[in-house]
Amino acid sequence: MNFTTLKYFLTAAEELNITRAAARLFISQQALSSHIGKLEAELGVKLFDRLPSLTLTYAGRRMVEYAQQAVNLERQIHQMAGDVNNDQVGELRVGISHTCGRAILPSILPRFRRTHPLVDIKLVEDNSAEMEKELRQGDLDLMIDFLPKPQEGLVHEELITERLFLVVPKVLLESSYGACLEPIKSECNRDLDMFLFEKFPFILLSKGNRVRKVLDAYMEKIGFKPKIILETENTETAYELAGRGMGVTVYPELFLWCIPRPPVSERPVEFFPLRDSDTTGTLVIAHMENHYQTKAAQEFVKACHEGMQEISSRQIV
């Protein structure tokens with residue numbers, strides 16, 4: 001048994017199709033079948049049922065767990081050896097959500113690239129569940145995400161805590177509050193009262209989105225029922241429509257830091273922070289506990305902290 005055979009087995013177990021697995025590995029189907037057959041003979045168990053289609057046996061399913069651990073250990077050994085030899089060439093695999101990537105990577109990647117030009121970064125942009133799965137399987141070195149609570153087996157470093165902001169079109173405020181507008185704005189900046197906007201139309205992100213989940217829980221907590229006229233998957237769409245006066249939306253502070261904004265007097269919207277602790281989120285960078293972290297991974301974490309300090313220094317209101 002060797003690491004190559006284990007990697008071949010894991011690819012076959014993932015694809016459950018010899019043709020596709022062989023194509024991914026750039027070997028012939030006959031060679032892949034031979035490796036799997038030798039592994040089964042060495043272990044004395046059947047790892048796959050071949051008919052009517054390729055499926056894992058019970059032994060095969062258990063073997064996947066141990067093979068992943070072995071392959072991950074091999075990778076860590078090579079990473080450690082590379083660091084000992086001061087080898088600056090390598091690959092760093094980072095998981096991040098699509099929306100977070102757009103907001104923070106421009107402040108992180110160029111910074112890291114300047115000091116580690118020979119380290120290739122592989123970005124995996126996916127949802128939280130898939131990224132955590134890949135991190136635990138050893139397919140990712142680091143994951144950047146908003147995690148609701150510490151996850152067992154993962155080490156988290158907090159990057160930033162963000163608030164949610166109510167984005168309210170000025171035309172709606174002026175038509176509703178007129179001469180009373182300035183006191184209303186001052187009050188909302190001190191302690192936002194959602195019920196001041198009870199009759200306003202709302203444009204919210206679709207259900208299932210992290211921000212929407214947080215907002216729904218908060219509104220249920222205070223008994224507020226927004227008048228929703230539109231739901232969208234896209235945070236930028238919601239923001240742009242609010243800017244056109246169509247309705248109120250809720251926007252994460254992280255993205256407000258990163259979008260161009262005209263001077264306050266020229267903005268078509270007002271930003272009011274939600275100050276309830278239930279409406280904040282913590283962005284973390286995570287890696288597997290007790291797994292070897294390369295120097296490149298450690299330096300990337302450092303670049304993340306520096307990049308987030310730069311981002312959070314920008315003024316919103």
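Residues: numbered from 1 along the sequence shown. Below, each value reflects all heavy atoms present in this structure, side chains not excepted, and no hydrogens, waters or symmetry copies.
- No more than 12 heavy-atom neighbours from other residues, nucleotides or ligands sit within 6.0 angstrom of CD on Gln30.
- With hydrogens and angles ignored, the 3.5 Å screen pairs no side-chain donor or acceptor of Thr280 with any backbone N or O of Arg163.
- Contact annotation: the side chain of Pro169 approaches that of Val248 to within less than 4.5 Å [non-hydrogen atoms, C-beta and beyond].
- When the side chains of ILVMFWY residues are joined at heavy-atom separations under 4.5 Å, either directly or via intervening members, Val155 and Leu135 end up in two distinct hydrophobic clusters.
- Atom CD1 of Ile108 is separated from atom CZ of Arg113 by 15.5 Å, given to the nearest 0.5 angstrom.
- Partners of Arg114 by salt bridge (Lys or Arg N to Asp or Glu O under 4.0 Å), not counting sequence neighbours: none found.
- Remark: Ser312 OG to Glu253 CD distance equals 8.5 Å, nearest 0.5 Å.
- Atom-to-atom distance recorded for His156:NE2 and Glu289:CD is 10.0 Å, nearest 0.5 angstrom.
- Residues Leu140 and Met131 are in side-chain contact: their nearest non-hydrogen atoms beyond the backbone lie under 4.5 Å apart.
- Atom-to-atom distance recorded for Met63:CE and Gln68:CD is 11.0 Å, nearest 0.5 angstrom.
- The number of heavy-atom neighbours closer than 6.0 Å to CZ of Arg20, taken from other residues, nucleotides and ligands shown, is above 12.
- The distance from the CD atom of Gln293 to the CG atom of Asp141 is 7.0 Å, given to the nearest 0.5 Å.
- The 12-atom threshold is exceeded at CD of Glu42, counting heavy atoms of other residues, nucleotides or ligands nearer than 6.0 Å.
- Under the 30°/60° scheme for interplanar angles, the aromatic rings of Phe200 and Phe197 are found to stand perpendicular.
- Remark: side-chain polar atoms of Glu233 are not paired, donor with acceptor, to backbone N or O of Ser206 under 3.5 angstrom.
- Between atom OG1 of residue Thr294 and atom CD of residue Glu299 there is a gap of 9.5 Å, rounded to the nearest 0.5 Å.
- A salt bridge is defined here as a Lys NZ or Arg NE, NH1 or NH2 lying under 4.0 Å from an Asp or Glu carboxylate O, and Arg244 with Glu240 fails to meet this definition.
- Side-chain contact check for Leu192 versus Arg275: every heavy-atom pair is 4.5 Å or farther apart.
- Taking Tyr8 as the reference, His35 meet the ring pair (Phe, Tyr, Trp, His ring centres under 6.0 Å) condition, with sequence neighbours excluded.
- For Gln137 and Asp139, the side-chain atoms include at least one donor-acceptor pair closer than 3.5 Å.
- Ser176 has its side chain out of reach of Leu196: every pair of non-hydrogen atoms, C-beta onward, lies at least 4.5 Å apart.
- Counting only distance, with no hydrogens or angles, the side chain of Thr57 and the backbone of Leu47 share a donor-acceptor pair below 3.5 Å.
- Of all heavy-atom pairs spanning Lys170 and Val269, the tightest one is CE-O, 3.7 Å.
- Side-chain heavy atoms closer than 4.5 Å link hydrophobic residues (I, L, V, M, F, W, Y) into clusters, and following such links, possibly through other members, connects Tyr218 to Leu164.
- Between Glu187 and Arg190, none of the side-chain N atoms (NZ, or NE/NH1/NH2) sits under 4.0 Å from a carboxylate O, so this pair counts as no salt bridge.
- Residue Val124 is grouped with residue Leu154 when hydrophobic side chains (ILVMFWY) are merged at heavy-atom distances under 4.5 angstrom, including chains of intermediate members.
- Using a 4.0 Å cut-off between a side-chain N of Lys or Arg and a carboxylate O of Asp or Glu, Lys122 and Glu134 do not qualify as a salt bridge.
- Leu230 belongs to a hydrophobic cluster whose other members, connected by ILVMFWY side-chain contacts under 4.5 Å either directly or through intermediates, are Ile203, Ile229, Leu241, Met246.
- More than 12 heavy atoms of other residues, nucleotides or ligands shown are found within 6.0 angstrom of CZ on Phe195.
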From CA spacing to verdict: ring-ring contact (aromatic ring centres under 6.0 Å, His included), Phe165, Phe255: CA-CA 10 Å; Phe165 274 75; Phe255 304 122; over 10 Å; no

Decide yes or no on side-chain contact (heavy atoms from CB on, under 4.5 Å) for Tyr239 and Asn234, but give the supporting numbers first. CA-CA 9 Å; Tyr239 180 79; Asn234 194 308; over 6 Å; no

Applying side chain to side chain donor-acceptor pair (under 3.5 Å) to Ser186 and Asn189, what does each step give before you reach the verdict? CA-CA 5 Å; Ser186 297; Asn189 279 313; over 6 Å; no

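- Under a 3.5 Å cut-off, the side chain of Glu40 and the backbone N or O of Phe48 do form a donor-acceptor pair.
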